[in-house]
Amino acid sequence: MANKVAYTMKLKPGAAAEYKRRHDEIWPEVLTLLHEHGFTDYSIFLDEENLTLFAVYKPSSLVTASNDALRHNEIIQRWWTYMTDLVEFNEDHMPVTNSLKMVFHMD
């Protein structure tokens, strides 16, 4: 199957428009970090009915090796702090995510 990673997050009620606005204006340094850490073809979709965010990206070999470094990066930490009023977060200050298993792919 294709090399993709997918996960869900939960948006807080009433936060959809602001979530989109912030991502329309995403900080350039966040994009740079994601690219440097091997994230490519990254998209986030919203199921408006149940406020579930669905994210999918193609990782390079760098992603596995640098995931911990990225999670602890000061810029990512600031971005997550900026997003805490919009998305559900764990007590450890990381977004609540649910990994998804690919069950089908077609090129």
Exercise. Of all heavy-atom pairs between Ile44 and Ala55, which one has the smallest distance, and what is that distance?
Worked result: CG1-CB, 4.0 Å
Problem set entry | Side-chain heavy-atom pair Thr52, Leu11 within 4.5 angstrom cut-off | no
For this session: Taking atom CD of Glu48 as the centre, report whether more than 12 heavy atoms of other residues, nucleotides or ligands fall under 6.0 Å from it.
Result: no
Problem set entry | Expected output: side-chain Arg21 to main-chain Ala16 donor-acceptor under 3.5 Å | no
Seminar exercise, completed: Rounded to the nearest 0.5 angstrom, the CG-OG1 distance for Asn90 and Thr97 is 7.5 Å
For this session: Answer yes if Tyr82 and Leu34 sit in the same cluster of Ile, Leu, Val, Met, Phe, Trp and Tyr residues linked by side chain heavy atoms under 4.5 Å apart, and no otherwise.
Result: yes
Problem set entry | Minimum heavy-atom distance between Arg71 and Trp80, given as atom pair plus value | O-CZ3, 3.8 Å
Problem set entry | Co-membership, hydrophobic cluster, residues Leu86 and Val96, 4.5 Å side-chain | no
Exercise. Sub-3.5 Å donor-acceptor pair from the side chain of Lys10 to the main-chain atoms of Asn50, do we have one?
Worked result: yes
Seminar exercise, completed: To the nearest 0.5 Å, atom CD of Gln77 lies from atom OG1 of Thr81 at 6.5 Å
Exercise. What are the two closest non-hydrogen atoms of Thr84 and Lys12, and how far apart are they?
Worked result: O-NZ, 2.7 Å
Exercise. Shortest non-hydrogen contact from Lys4 to Pro59?
Worked result: CA-CD, 4.0 Å
For this session: Would you indicate whether the side-chain heavy atoms of Tyr7 and Phe54 approach each other to under 4.5 Å?
Result: no
For this session: Kindly say whether the aromatic ring centers of His35 and Phe39 come within a distance under 6.0 Å.
Result: no
Problem set entry | Min side-chain heavy-atom separation Trp27-Arg78 under 4.5 Å | yes
For this session: Flag yes if Val87 and Leu100 sit in one hydrophobic cluster, no otherwise; membership is Ile, Leu, Val, Met, Phe, Trp, Tyr, and two members link when side-chain heavy atoms are under 4.5 Å apart.
Result: no
For this session: Group every Ile, Leu, Val, Met, Phe, Trp and Tyr by side-chain heavy-atom contacts under 4.5 Å, then state whether Val5 and Phe45 land in the same group.
Result: no
Seminar exercise, completed: Heavy-atom closest pair (Met9 atom, Tyr19 atom, distance to 0.1 Å) is CE-OH, 3.8 Å
Exercise. Does Asn73 use its side chain to pair, donor to acceptor, with the backbone of Leu33 at less than 3.5 Å?
Worked result: no
Problem set entry | Step-by-step side chain to side chain contact (heavy atoms under 4.5 Å, CB included) determination, Ile75 to Val30 | CA-CA 7 Å; Ile75 294 167; Val30 170; 3.9 Å; yes
Problem set entry | Side chain to side chain, Glu25 and Lys20, heavy atoms closer than 4.5 Å | no
For this session: Report yes or no: does Asp47 contribute a side-chain atom to a donor-acceptor pair with the main-chain N or O of Leu51 at less than 3.5 Å?
Result: no
